[in-house]
Amino acid sequence: MKIKFIPLDYDSVNIGDKTYMKIFGRTSDGKDCCVIDRAISFFYVISKKPERLLKKIQKIKEIKKVEVLDKNYLEKPVKAIKVFCEHNKISDVSDKIKKIDKTIMRREKDINLTTKYIIESGIKPFCWYEINGEIASEFDFKGLSNSINVDLVIKLEKSLELKNQKEFSPKVLAFDIETEEFEIGKGKILMISFVSDNLKKVLTFKKIKNPQSYVEICNDEVDMIKKFQEYVKKINPDIITGYFSDGFDMPYLRARAEKNKIDLKIGKDNSRILFSKGRPVNARTKGIVHVDLLKFIQTAYSQYLQLETLSLNEVAKELLKEGKKEINFKNIKQTSGDKVWENFFEYNLNDSVLTYKLFQKLWPDMLEFTKIIQEPLFSVTRQGMSGLVESYIIHNLNRFNEIAEKRPIHDEIAIRRARKKYEGAFVLQPKPALYENLAIFDFMSMYSSIIVSFNLSGPTLLKKKEKNSFEINTENGKLYFSKKQGFIPKLLGEIIELRKKYKQELKNKPDNIKKARSNAFKLLANAYYGYQGFFGARYYCLEAAASTAAFARKFIKETIEKTNHGGYNVIYADTDGLAFSLNKKTKKQTLEFLKKLNSELPGIMELELEDFYKRGIWVTKRTGEFGAKKKYALINYKGKLKIRGFETVRRDWCPLAREVQNKILNKILKEGNEKSSLVYAKDIIRKLKKREIEKEFLIIKTQLKKPISEYKTISPHVVIAKKMKDQGLPVDIGLLIQYFIAESKLKKALVRERAKLPDEKGEYDIGYYLNNQILPAIENIFEVFGVNMKVIVDGHEQKKLGEF
DNA sequence: GTGCGTGCCCTACC
DNA sequence: ACCGGTAGGGCACGCAC
């Protein structure tokens with residue numbers, strides 16, 4: 001028979017002594033389908049004299065087939081023996097070959113079976129195919145089809161990628177649980193909510209009177225978990241999604257199922273939820289793709305989100321413009337009244353609703369990444385950017401006839417991590433002042449364009465100077481790179497081109513898919529440089545990373561020189577951009593000057609105008625009279641502010657300090673002087689001294705970055721974290737610790753001894769907030785105008801200050 | 001006992 | 001462990017005086 005089919009999830013299974021792929025997906029008429037195919041399993045043996053080796057290798061009985069091929073390995077032509085055997089025999093066979101000769105290079109054993117299958121079969125995720133095959137009978141594959149809960153199980157005979165790739169909207173189930181305890185499995189699950197198309201439900205065993213229609217009351221926890229399982233089966237989604245569900249909801253469900261001796265099976269092949277061994281843990285449900293939105297947001301979205309945390313509440317507020325339902329957890333007990341529980345149900349349901357909407361919002365991005373990277377959705381949503389870069393490279397190696405480099409093992413990683421850091425970007429020290437009439441130029445994707453323009457990669461790195469090679473001076477001497485384009489720079493060049501193409505298409509006719517596609521290529525391009533310097537990368541090359549940084553320093557410094565020579569005054573520069581004052585030059589002249597600079601740049605390097613600015617301010621460092629780097633504020637001719645590095649944009653400063661500084665920067669940039677800001681600042685200080693500022697503006701937030709016990713320095717937020725843990729609150733890595741600094745009877749109490757939880761009793765310490773928050777945030781701004789805040793505060797109000 | 005350098009720690013910039 | 005280096009700045013700590 002012939003069907004139109006779209007693959008969503010991949011899995012492998014051993015039947016007898018053979019390995020098969022199970023490809024879960026949908027048919028064009030919406031049927032649930034599983035296509036069965038033989039797995040494709042092989043690895044390469046690279047040898048200078050393959051003929052001699054071949055005879056010995058062929059004696060190994062597990063090997064099914066060998067081919068001697070001309071391949072490339074790290075750009076160099078090699079003779080390779082492609083050794084085919086069953087997947088579960090690969091390491092046996094490989095070991096036997098190693099025994100023949102220890103030095104023999106074996107490669108691609110470490111490429112995962114699904115990746116290999118996708119590459120070799122060409123059956124890619126979320127791409128429509130015409131599949132020819134037979135319906136598997138109950139006798140095929142030792143009855144495999146009986147164990148798979150789908151409408152159709154097909155033995156694949158032939159597949160053809162369809163020209164007409166129509167859109168596919170997956171059926172999604174979003175879910176969320178609420179529990180008695182935060183620790184995984186410790187208390188009961190109180191309720192499970194889930195949302196799908198036209199369906200909203202809360203399952204619970206709390207028996208309240210007259211519940212809302214979406215509430216379904218179960219007998220007990222066991223019944224509730226079983227009902228959830230039944231609902232998943234009935235809804236039969238393509239994707240099940242949650243928020244931090246890898247780390248909480250899924251492990252909790254498993255723990256409670258185990259505790260209650262429930263055989264919880266969610267997969268379409270009746271398998272249990274599978275958890276990865278490493279950290280962070282991820283949870284897989286076979287056939288139904290489990291997507292944890294948090295992980296994907298962390299890798300693909302967080303750089304665009306200027307949020308204090310990536311909590312569902314904040315992310316939903318930012319992306320969906322709607323937040324979570326507020327609720328006070330502490331008061332909820334089994335004995336609480338029905339009204340309290342009603343609220344709790346509503347809250348729980350709302351989380352699933354938000355998760356569902358968030359999924360729909362992010363879906364174009366996930367889909368585009370999946371299509372570009374060609375890895376299954378499950379792994380795409382869990383890899384970091386370096387993993388995505390690597391997958392992209394691996395899926396494109398066949399075009400270059402390349403054998404993949406091996407993944408570094410433990411010892412190799414240790415060596416790499418121990419290597420000295422290389423010199424990074426150049427940052428120009430600014431001269432503190434208020435400037436007028438500015439412009440910023442920056443290099444478009446500077447590091448990526450350097451990698452492409454100078455062919456910087458491991459395989460193109462030369463051992464010594466060759467005629468006609470690229471060369472660059474680094475802190476470890478000169479390095480040389482071949483001019484024959486390597487596959488890594490080539491692929492990156494393509495990514496940059498595609499990004500440009502889709503960006504243009506997006507401009508011409510905007511839609512979400514184009515936006516997602518353009519963005520995915522942008523992220524991928526930007527991650528390339530980091531990838532080559534990352535110790536876990538197959539194509540790790542510190543020399544290439546160091547050279548990229550060295551070229552960047554060279555070009556930004558040259559551009560600064562040229563700009564100063566061109567009659568401008570460069571104020572500041574960081575990595576790939578420079579700010580300068582126009583002096584008497586016009587915008588038009590400046591754009592002409594930009595053209596000239598561009599005509600002198602090599603390869604695909606390009607300098608752009610970022611914007612013209614009406615005013616800009618640079619301040620001194622707190623220590624010393626020098627201008628502070630990475631700290632400035634600008635206003636453009638439309639009145640839009642660009643604030644970088646200032647306390648205003650730092651979450652570890654209290655809102656009052658941030659707000660006051662923000663207002664002052666705003667006023668100064670708009671008005672061109674400090675006069676009215678000074679009046680404002682004095683007023684705030686007066687209010688603070690009179691304790692007229694609400695405590696909520698004085699809460700300091702700092703993230704817990706590691707387990708409490710690992711801290712060598714016990715700083716205020718660590719003390720607070722301990723307090724919270726003692727109170728039975730969930731204190732985990734990544735938690736944003738909130739506290740304020742209170743007055744103390746002790747004369748010389750440390751800050752940490754004065755730190756209190758926001759709802760703890762105590763008056764805030766006026767002296768601390770004045771001297772450690774407000775003044776530091778505004779002092780060096782006024783200093784630019786020769787105004788000394790300390791003198792003003794002390795001079796006028798010395799007596800009052802003395803009290804603190 | 002104070003003052004200062006140093007290291008830890010967090011969070012920003014690009 | 002899950003992309004890099006550069007930088008500012010608070011806080012705790014320990015040594016010098």
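Since this is a predicted model, take the numbers as computed values, not measurements. Naming convention: chains lettered A, B, ... in sequence-line order (proteins, then strands); numbering from 1 in each chain.
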task = Give one of base, sugar-phosphate or nothing for A:Tyr768, where a contact means two heavy atoms less than 4.0 Å apart.
result = sugar-phosphate
ask   = When all nucleic acid strands are considered with a 4.0 Å heavy-atom cut-off, which category describes A:Tyr632: base, sugar-phosphate, or nothing?
value = sugar-phosphate
message = Using a 4.0 Å heavy-atom cut-off, does A:Tyr422 contact any base of the nucleic acid, only the sugar-phosphate backbone, or nothing at all?
response = sugar-phosphate
key: Separation of C:dC3 P from A:Leu388 CG (nearest whole Å)   = 9 Å
request  = Looking only at side-chain atoms of A:Ala628, point me to the closest of B:dC14, B:dC8, C:dG8.
outcome  = C:dG8
ask   = Whole-Å distance between B:dC13 P and A:Leu428 CG?
value = 18 Å
ask   = For C:dA1, does either OP1 or OP2 sit under 4.0 Å from a side-chain N or O belonging to A:Arg407?
value = no
message = Hydrogens and angles aside, do A:Thr548 and A:Gln532 bring a side-chain donor and acceptor to less than 3.5 Å of each other?
response = no
message = Over all strands shown, is A:Gly424 touching base, sugar-phosphate only, or nothing at heavy-atom distances under 4.0 angstrom?
response = sugar-phosphate
Atom pair distance, as rounded to whole Å: CZ in A:Arg651 and P in B:dC13 = 12 Å
inquiry  = Do A:Tyr447 and A:Asp576 pair up side chain to side chain, a donor and an acceptor below 3.5 Å, judged on atom types alone?
reply    = no
task = Please work out if A:Ile714 contacts a base, only the sugar-phosphate, or nothing of the nucleic acid, heavy-atom cut-off 4.0 Å.
result = sugar-phosphate
ask   = Would you say the side-chain atoms of A:Ser715 and A:Arg752 include a donor-acceptor pair closer than 3.5 Å?
value = no
task = Answer yes when A:Lys406 and A:Glu108 have at least one side-chain N-carboxylate O distance shorter than 4.0 Å, and no when they do not.
result = no
message = Quick check: any donor-acceptor pair below 3.5 Å linking the side-chain of A:Arg650 to the base of B:dT11?
response = yes
message = Measuring to OP1 and OP2 of C:dG10, would you say a side-chain N or O of A:Arg622 lies under 4.0 angstrom away?
response = yes
query = Using a cut-off of 4.0 Å on non-hydrogen atoms, how would the nucleic acid contact of A:Val649 be classed: base, sugar-phosphate, or nothing?
reply = sugar-phosphate
inquiry  = Check this one for me: any side-chain N or O of A:Asn526 less than 4.0 Å away from OP1 or OP2 of C:dG4?
reply    = no
query = Does a side-chain N or O from A:Lys621 land closer than 4.0 Å to OP1 or OP2 of C:dG8, or not?
reply = yes
message = Would you say A:His717 places a side-chain N or O within less than 4.0 Å of OP1 or OP2 belonging to B:dC10?
response = yes
request  = Give a yes/no on whether any side-chain N or O of A:Lys630 is located under 4.0 angstrom from OP1 or OP2 of C:dA7.
outcome  = no
query = Whole Å only: how far is the CD atom of A:Glu375 from the P atom of C:dC2?
reply = 20 Å
query = Which is true for A:Asp442 with a 4.0 Å heavy-atom rule: it touches a base, it touches only sugar-phosphate, or it touches nothing?
reply = nothing
message = Using OP1 and OP2 only, check whether a side-chain N or O of A:Lys706 sits under 4.0 Å from B:dC9.
response = yes
message = For a quick check of understanding: with a heavy-atom distance under 4.0 Å over all strands, which category does A:Gly536 fall into, base, sugar-phosphate or nothing?
response = nothing
key: Interatomic distance where CD belongs to A:Gln383 and P belongs to C:dC3 [whole Å]   = 10 Å
message = Counting only side-chain nitrogens and oxygens, does A:Lys712 get under 4.0 Å of the OP1 or OP2 atom of C:dC13?
response = no
query = Under 4.0 angstrom, heavy atoms only, what part of the nucleic acid is A:Gly645 near: base, sugar-phosphate, or nothing?
reply = sugar-phosphate
ask   = C:dC3 phosphate, OP1 or OP2: any side-chain N/O from A:Ser386 under 4.0 angstrom?
value = yes
message = Within 45 degrees of the ring normal and closer than 6.0 Å to the centroid, is that where the cationic atom of A:Lys557 sits relative to A:Phe426?
response = yes
key: Between C1' of C:dG9 and CH2 of A:Trp653, the distance in whole Å   = 7 Å
query = From the list C:dC2, B:dC10, C:dT6, which nucleotide is the closest neighbour of the side chain of A:Gln703?
reply = B:dC10
ask   = Between A:Glu390 and A:Tyr531, do the side chains contain an N or O donor and an N or O acceptor separated by less than 3.5 Å?
value = yes
key: ring-ring contact (aromatic ring centres under 6.0 Å, His included) partner of A:Phe580, chosen from A:Tyr568, A:Tyr613, A:Phe612   = A:Tyr568
query = Base, sugar-phosphate, or nothing: which does A:Lys420 touch, judged by heavy atoms less than 4.0 Å apart?
reply = nothing
ask   = When you match A:Ala527 and A:Gln429 each to their closest nucleotide on DNA chain C, which lands nearer the 5' end?
value = A:Ala527
ask   = Can you tell me if the side-chain N/O atoms of A:Arg644 get under 4.0 Å from OP1 or OP2 in B:dA12?
value = no
remark   = Separation of B:dA12 atom P from A:Lys701 atom NZ, nearest Å, is 12 Å
inquiry  = In whole Å, I'd like the distance from the NZ atom of A:Lys295 to the P atom of C:dC2.
reply    = 9 Å
